[in-house]
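Here's the structure, in structure tokens; my notes come after.
To find a chain, count down the sequence lines: A is the first, B the second, and so on, and within it residues start at 1.
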There are 2 protein chains.
Amino acid sequence: MGIPVENFFLKPDTKGTLQARIQQMVAEGILSGRFRRGEKLPSSRKLAKHLGVSRITVTLAYTELLSNDYLSSKGRSGYFVSDDAPTPPTFDATPERADSVDWTRALGRRFTGYATLVKPQNWQDYRYPFLYGQTDPQLFDHAHWRLCALQALGAKDFAALTQDYSDQDDPQLVEFILRHTLPRRGITARPDEVLITLGAQNALWLTKQALLNESRLAVIEDPCYPALREILMRARCFVHATPVDKDGLPPDQIPEGADVIFVTPSHQCPTSYTMPLARRQALLARARDLDALIVEDDYEFEIAHIKPPMPALKSLDADGRVIYVGSFSKSLFPGLRLGYIVGSAPFIREVRALRASILRHPPGHAQRTTAYFLSLGHYDSLVKRIGKALNDRRVIMEHAIRKYGLTIAGKGTHGGSSFWMRAPDHVDCEELTVRLREEASVLIEPGTAFFAGPNPPRNFYRIAYSSIAQARIDPGIAEIARAIDATSVT
Amino acid sequence: MGIPVENFFLKPDTKGTLQARIQQMVAEGILSGRFRRGEKLPSSRKLAKHLGVSRITVTLAYTELLSNDYLSSKGRSGYFVSDDAPTPPTFDATPERADSVDWTRALGRRFTGYATLVKPQNWQDYRYPFLYGQTDPQLFDHAHWRLCALQALGAKDFAALTQDYSDQDDPQLVEFILRHTLPRRGITARPDEVLITLGAQNALWLTKQALLNESRLAVIEDPCYPALREILMRARCFVHATPVDKDGLPPDQIPEGADVIFVTPSHQCPTSYTMPLARRQALLARARDLDALIVEDDYEFEIAHIKPPMPALKSLDADGRVIYVGSFSKSLFPGLRLGYIVGSAPFIREVRALRASILRHPPGHAQRTTAYFLSLGHYDSLVKRIGKALNDRRVIMEHAIRKYGLTIAGKGTHGGSSFWMRAPDHVDCEELTVRLREEASVLIEPGTAFFAGPNPPRNFYRIAYSSIAQARIDPGIAEIARAIDATSVT
């Protein structure tokens, strides 16, 4: 491939003759790894015209670079980066600049430094990936997804693909969610009560931004999804973590003054407990007494493979105080980055304006592809197939867990994709995770990051069966049991 | 299409016999428009099992609905929503709920109510769309984009498509930007100095969030891109608008105490003035004196069709104080929602963490498709083709503007896609815009929203040639001239 002439600039601050500056420019490109061996340089005529210098100057520079072995010439076909040109160490060898900016002062706010779940990007290289929330290539309906994506790339959908939607969403996707997705959760809503988001994370962030400020109190479950806790910490509102029991968040433990309560009733995250109906009603009553809002994160509802899921908490909400967050990340794939918020129109209006200011709208092509995938029924079949596979894996996993004497602390009654596990008290699961990863090619998630408070329990961990092949489950669990046993010795 | 059984729920708070509740549930679905004429209901056996009631109860409910004409039965093939069923007025007729939540109090912050540019979503239905920033279906390389998208949907790229990248970007896209896109602007950078964003809007938002707080002073150009001013207003930092002259932002007018200076040196937005080299150097010197940062929005650099663009301001930055914002929205399409930030590593680290908290990452498929489109050279050809077409249109437009006696207030010296226009002083361009849209099918943009201050001039407007067919330009300009003339009479 030729190096386009547009890649060449004479920096106004370089010194020396024109010829020397051209040589330096080419040499720098090679040394920094931007121009690679075998790549063709622009003709001397073209480069001269582009730089506004005489052709002979360029030719002299090229000749000099030729004799230095930076370039080679192949007869009449031009100049190429020589095969003997100095090798750039690696591409990112561009020298680290010594900024004269004091970044400690310049940054108005800090965002790094929060505890998050770290997932190895190369998780597929591990033998036993009991990893949560990635897509299993064996289960995903790649063929139909591709067809829907192609359809959404067609000439008929040109506007949906390319248009600046401004603050709007794809009407086809919104309609499908209203007519088919929400009714399955017992929810009826109007188009002005739904906003498409860039995944559930984005939905939770927008919601906190609209509802919380420095004088408000947010209540979260303990343990809880770490990214949610992080979002709230950054919001600088007050945060109270209420410990959950086997039925989820206990309403009578929610403190006075609570403004917004974040819950996962279908499937408490990470324990997988399901909140029974009576408690849901008590929770709504408690919220009414406090005049608080409830944010319901209904993650994973669609993979209820054991029995039909209970309707969402939102379906019981006569007051308009429940804000419902859904996502396609678990049932489709996380890289899609599509979720939605359902709430009262005055609230949706504000988060819509906020979303427009931050990112305008989720990409049109992803929205339309998903609308097709849903409306052609592929989504339903996919969810069924995933459900069946997860159910099979779950049975094997539960069996293996018993066989090797591990302890389940929580598991979904409707479905889900993971077990919440408790190791003996003396086991530090952060260490266990590292040991299993490095010594036995096993990926588990330490539970520590899920807990609030300064001294979280360290003997919990989560193991998922969404991305691990059936045959790997038993030997993988055996490895975990072995590693835990080895810990007890020390 | 059959209505899936999962769409049926007996709400725990409804009253009456089981049979009556089932009837009510089905009737409500029909009346609200969720179930449509001709759609098939689940069999009585299936629904009974799903609801956990006896089959005879469901059969009795169905029979009752049959006699009320909600349902019809087609012999042995089951029950359908009747063709005589009551019509839902329209789909969004779900009754507006009377919330018991006081949203005025519940919302912690407000985001609506800022002046923004309003674009009709159906702009393609207008005869003379002098509209800025939409994609012209005649110019976009749909065929190759489709091929690249297909390639990125292939089995080989499964991980790139589906994976949760967490806080990371697609390495292929980052590498291409580093090796090919930035060098064209004279910029060299390392991978840890680049972040992919959800378009330029998202890049500007992340940047303001990291750099500004309630005690800092942001400087913007006057006039300026309205969405940027809106972002800064929301940030509750101090904002100073410095009037631009024919060379863009005058460095000596930047006030003492400035912390962050937002500029568009390639193409001042909206006037299209290009900042000359000497002023760029003066601007950098002024920023150094103030110890301020500069955010360079390099929009539209790629469509420089008149002469090669000047290197970016960032290319002259030895201090690390320039933060560079680029985007693929103008040259590819706005619905893609992909842009990038280039800045020093400590800054990029913070905005990366912030982006992860807000939305994790831009969708994998869009990133990989763009990487292919760039690396296969389609992007370069597209930009050339667009440049040629824009140049032709610009010549015609400039000619028509002169012919009909309109006044250009600013035009790009390198290229771009619009003219910044000045109407006679007495013309209110907001009114003019409405009149042209409604009476002459002409879309223009009033200039008012670009200006800061309480009494912005009302006689400026912007007309773009990026989405209008060549043949429509002359008659469209004639319509504008006629409408302006008509204004002078009153």
For each of [options], tally heavy-atom pairs with chain B at distances under 4.5 Å, and name the one with the top tally.
options                        : result
A/L153, A/D291, A/L198, A/V101 : A/L153
A/R185, A/E28, A/R216          : A/R216
A/E214, A/Q201, A/R352, A/R288 : A/Q201
A/D102, A/T162, A/N213         : A/T162
A/P311, A/P362, A/G199, A/G364 : A/P311
A/R337, A/Q209, A/E6, A/H361   : A/R337

Side chain, backbone, both or neither: which part of [X] has a non-hydrogen atom closer than 4.5 Å to chain B?
X      : answer
A/F333 : both
A/L212 : backbone
A/R349 : both
A/A210 : both
A/A356 : backbone
A/Q124 : side chain
A/N7   : both
A/R184 : both
A/L206 : neither
A/L359 : both

Between [X] (side chain only) and [Y] (backbone N and O only), is there a donor and an acceptor less than 3.5 Å apart?
X      : Y      : value
A/H365 : B/H365 : no
A/N202 : B/I358 : yes
A/R109 : B/L211 : no
B/E350 : A/L107 : no

| request: Start with the C-alpha distance between B/T135 and A/Q163, add both sets of side-chain angles, then the distance that settles side-chain hydrogen bond (donor to acceptor under 3.5 Å, both in side chains), and finish with yes or no. | output: CA-CA 7 Å; B/T135 309; A/Q163 181 143 295; over 6 Å; no

Heavy-atom cut-off 4.5 Å, strictly under: side chain, backbone, both or neither for [X] against chain A?
X      : answer
B/L277 : side chain
B/L336 : backbone
B/A366 : neither
B/D167 : neither

Pick from [options]: which one has the most heavy-atom pairs with chain A under 4.5 Å?
options                        : result
B/R105, B/R360, B/K208, B/R321 : B/R360
B/S215, B/G154, B/A292, B/G29  : B/G154
B/F8, B/W123, B/W205           : B/W205
B/Q367, B/Q168, B/Q134, B/M25  : B/Q134
B/G339, B/A149, B/G186         : B/G186
B/V351, B/L150, B/L293         : B/L150

| Under the side chain to side chain contact (heavy atoms under 4.5 Å, CB included) criterion, do B/D319 and A/D99 qualify, and how do the steps go? | CA-CA 5 Å; B/D319 296 353; A/D99 281 4; over 6 Å; no

With the side chain counted from C-beta on, respond yes when [X] and [Y] share a heavy-atom pair under 4.5 Å apart, and no when they do not.
X      : Y      : answer
B/D380 : A/P4   : yes
A/F111 : B/S357 : no
B/S344 : A/W103 : yes

| request: If the plane angle is over 60° it's perpendicular, under 30° parallel, otherwise tilted; pick one for A/H142 and B/F158. | output: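 Plane angle between 30° and 60°, so tilted.
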
